[in-house]
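Below is one structure, written out as structure tokens, with a few remarks after it.
Below, all heavy atoms of this structure are taken into account, side chains as well, without hydrogens, waters or symmetry copies.
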Amino acid sequence: MTNKTRKSLTLQMLLFELRNITGNPYVHLFGIAMPILMSYIIIRGVTMEVSDPALLCTISTSVFLGIGVVIPMAIALMGYAATRAQEMEKGIPERLELFGIRSSITLCNRIAAELIFILVVFILYFVYGCLFLELEPPKASGAVIYTISMLALTIILLCIAHGIASILKKFGPTYCVVMILYFTLMLFSGMMGLSYDNMPSGIQFVAKLLPTTYLNKDIYTIWVGESCRFAPMIQSYLLWAVIAGILLVTTAEIKQKYHKLP
Amino acid sequence: MLLSIENLTVRYGPETALNIDQPIHIEEGERIGIIGSNGAGKTTLVKSILGLVPYQGTIQTALTRDQIAVHMQFNEYADSMPVKYIMEAILETKISKNKKLQELIGYFEFGECLKKRYTKLSGGQKQRFTIILVMMQEAPLTFYDEVTSGLDFETRQKLMEKLANWYRNKNSSLCIVSHYYDELENLVDKLLILDKGRVVAYGKTEELFRRYCGRAVIILDNTPENEILVKDHKRLAAPAHLIALSCDNESDEREVTSRLLAHNKNYKHSSRDIEILSINAKKALFMKSEGISYDK
């Protein structure tokens with residue numbers, strides 16, 4: 001191992017991170033069971049009195065796609081932040097760094113593992129949707145954009161979770177901050193009863209800054225291939241990518257303060 | 001030279017945890033025991049070398065952090081999977097395809113533990129797990145920080161014996177931090193004695209022993225009868241329950257031992273006793289600070 005440069009991505013590390021993800025009970029509860037249960041209950045409730053099959057299909061698809069946003073939020077944001085904070089408390093990242101596994105390598109493998117895991121979860125989610133709900137089939141472009149949007153959101157949320165947990169270093173404060181962020185995102189994105197159109201203008205201003213807002217309100221339009229203004233959505237993604245980048249840089253800066261060995 | 005330390009100071013808030021004012025050089029192939037009581041600064045020294053704590057002063061080395069292996073006092077790993085997968089991820093290898101790793105697993109009798117999760121391992125198994133990972137690094141410089149702390153006597157002895165045997169005839173430099181002086185006696189050739197963050201003594205064990213203890217020491221129980229028996233002999237500082245006698249030459253040794261044998265007394269003869277050496281080195285430092293010359 002001496003003098004050997006460690007690769008950013010290795011099969012062993014990828015499998016390690018995949019096992020780490022699947023070994024986290026939060027992920028199964030909030031990332032898989034909850035969206036399935038939520039979409040089933042909400043769609044049944046909302047469409048109970050709808051008799052028009054086309055309208056039922058539209059509503060089901062719209063709600064189903066919107067609730068899909070919960071998957072990366074629960075797995076990448078809450079799940080990873082919880083795991084990372086627990087690891088920080090135990091000094092595991094420091095131990096791994098002493099074996100030459102730098103934080104950037106961990107993050108790199110974690111991102112790859114999370115993307116694989118999220119893709120599998122979305123496949124399961126859609127299998128459930130197709131079996132138990134009336135969903136509208138997507139246009140090819142719609143399916144591609146939906147997938148890219150979810151994966152990009154996953155990466156951004158992972159970096160944010162990594163940054164928060166690395167800065168706070170303790171499970172309690174990290175979980176508190178991440179839960180506040182999770183429910184704030186849900187509330188301002190129109191996922192908790194108050195839709196974007198019914199929000200006061202001040203709240204709408206905040207909602208416009210969140211990628212999750214567009215994934216909730218515009219995703220059906222994108223899914224079925226209707227015309228949609230992508231610029232605000234892309235801008236919100238860029239804004240959150242910058243926030244994630246700042247958090248990562250801050251984490252690296254804190255470490256660089258006293259790490260003098262090359 | 002692998003590593004040199006000069007004017008190293010580590011502060012935790014207002015408290016100075018480490019203040020090394022004399023140069024410390026670690027050469028290739030050296031085996032150094034770092035000893036001292038709680039709060040002496042042993043772990044702080046290791047952490048500062050690894051860049052895990054902020055410090056002032058100079059630590060010079062051509063080694064990168066990846067070339068310094070370390071077994072910390074407390075090592076934790078993910079508990080979401082059997083340790084086998086953690087081992088393979090850290091070492092970027094498959095156990096089934098790595099002969100050297102298989103050899104180490106066999107050497108440390110760790111095969112049966114591979115399917116267990118980290119928290120399910122016993123204290124000794126946890127230590128052996130990290131030791132295997134550390135040894136696989138084959139680093140030019142390796143630190144073992146309190147590798148046997150919390151282990152029972154038998155496990156401790158067995159583990160240190162295995163470590164000593166493994167490193168015999170190897171050229172790696174080792175720095176072993178320990179509370180248990182006896183386990184260092186067969187493993188190290190140099191000592192760094194720390195006390196309250198300061199260097200008490202640093203040098204070859206034999207030289208330090210000669211300087212602070214003499215050619216050899218005779219150690220016996222501190223009883224009134226023994227006190228009377230050896231009252232005219234040169235005494236060294238020792239733990240309260242022991243009497244340590246300094247012998248500068250062979251005739252000294254013969255005289256004391258024959259007297260003890262004649263009275264059927266139990267004693268221990270040593271020319272490497274690190275505990276007695278450490279106590280007397282500290283005493284010498286204290287006397288120096290008081291302006292008194294140390295005469296063993």
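Interface residue R19(A): backbone and side-chain heavy atoms are both found under 4.5 Å from chain B. Looking at A78(B), both its backbone and its side chain come within 4.5 Å of chain A, counting heavy atoms on both sides.
Taking the side chain to side chain donor-acceptor pair (under 3.5 Å) definition, one finds that Y128(A) meets it with S39(A), sequence neighbours left out. Contacts of I164(A) classified as side chain to side chain contact (heavy atoms under 4.5 Å, CB included), with partners at least two apart in sequence or in another chain: I160(A), L168(A), T174(A), V177(A), V178(A), L181(A), L247(A).
Within a 6.0 Å sphere centred on OH of Y181(B), heavy atoms belonging to other residues, nucleotides or ligands number more than 12. Heavy atoms of other residues, nucleotides or ligands lying less than 6.0 angstrom from CD of Q60(B) number 12 at most. Taking a 6.0 Å sphere around NZ of K116(B), one finds it holds more than 12 heavy atoms contributed by other residues, nucleotides or ligands. Around the OH atom of Y12(B), the shell of radius 6.0 Å holds more than 12 heavy atoms that belong to other residues, nucleotides or ligands. In this structure, K204(B) places its NZ atom where only 12 or fewer heavy-atom neighbours from other residues, nucleotides or ligands lie under 6.0 Å away. Counted within 6.0 Å of NZ on K42(B), heavy atoms from surrounding residues, nucleotides or ligands total more than 12; the atom is thus considered enclosed. The 12-atom threshold is not exceeded at NZ of K120(B), counting heavy atoms of other residues, nucleotides or ligands nearer than 6.0 Å. With a 6.0 Å radius and a threshold of 12 heavy atoms from other residues, nucleotides or ligands, K196(B) has its NZ atom at or below the threshold.
At a threshold of 4.5 Å between non-hydrogen side-chain atoms, the residues F99(A) and D66(B) do not count as touching. Counting only heavy atoms from C-beta outward, the side chains of Q137(B) and L98(A) never approach each other to under 4.5 Å. E76(B) has its side chain out of reach of R95(A): every pair of non-hydrogen atoms, C-beta onward, lies at least 4.5 Å apart.
Residues from residues 9-17 of chain A that place a non-hydrogen atom less than 4.5 Å from a non-hydrogen atom of chain B comprise T10(A), Q12(A), M13(A), F16(A), given in numerical order. Identified by a heavy-atom distance below 4.5 Å to chain B, the contributing residues of residues 64-92 of chain A are K90(A), I92(A), in residue-number order.
The structure places CE of M81(B) at 4.0 Å from CG of N20(A), a figure rounded to the nearest 0.5 Å.
In terms of heavy atoms, G23(A) sits closest to S80(B) at CA-CB, 3.9 Å.
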Self-check item: Verdict with reasoning, L50(B) to E97(A), per side-chain contact (heavy atoms from CB on, under 4.5 Å)
Solution: CA-CA 10 Å; L50(B) 295 165; E97(A) 290 218 13; over 6 Å; no

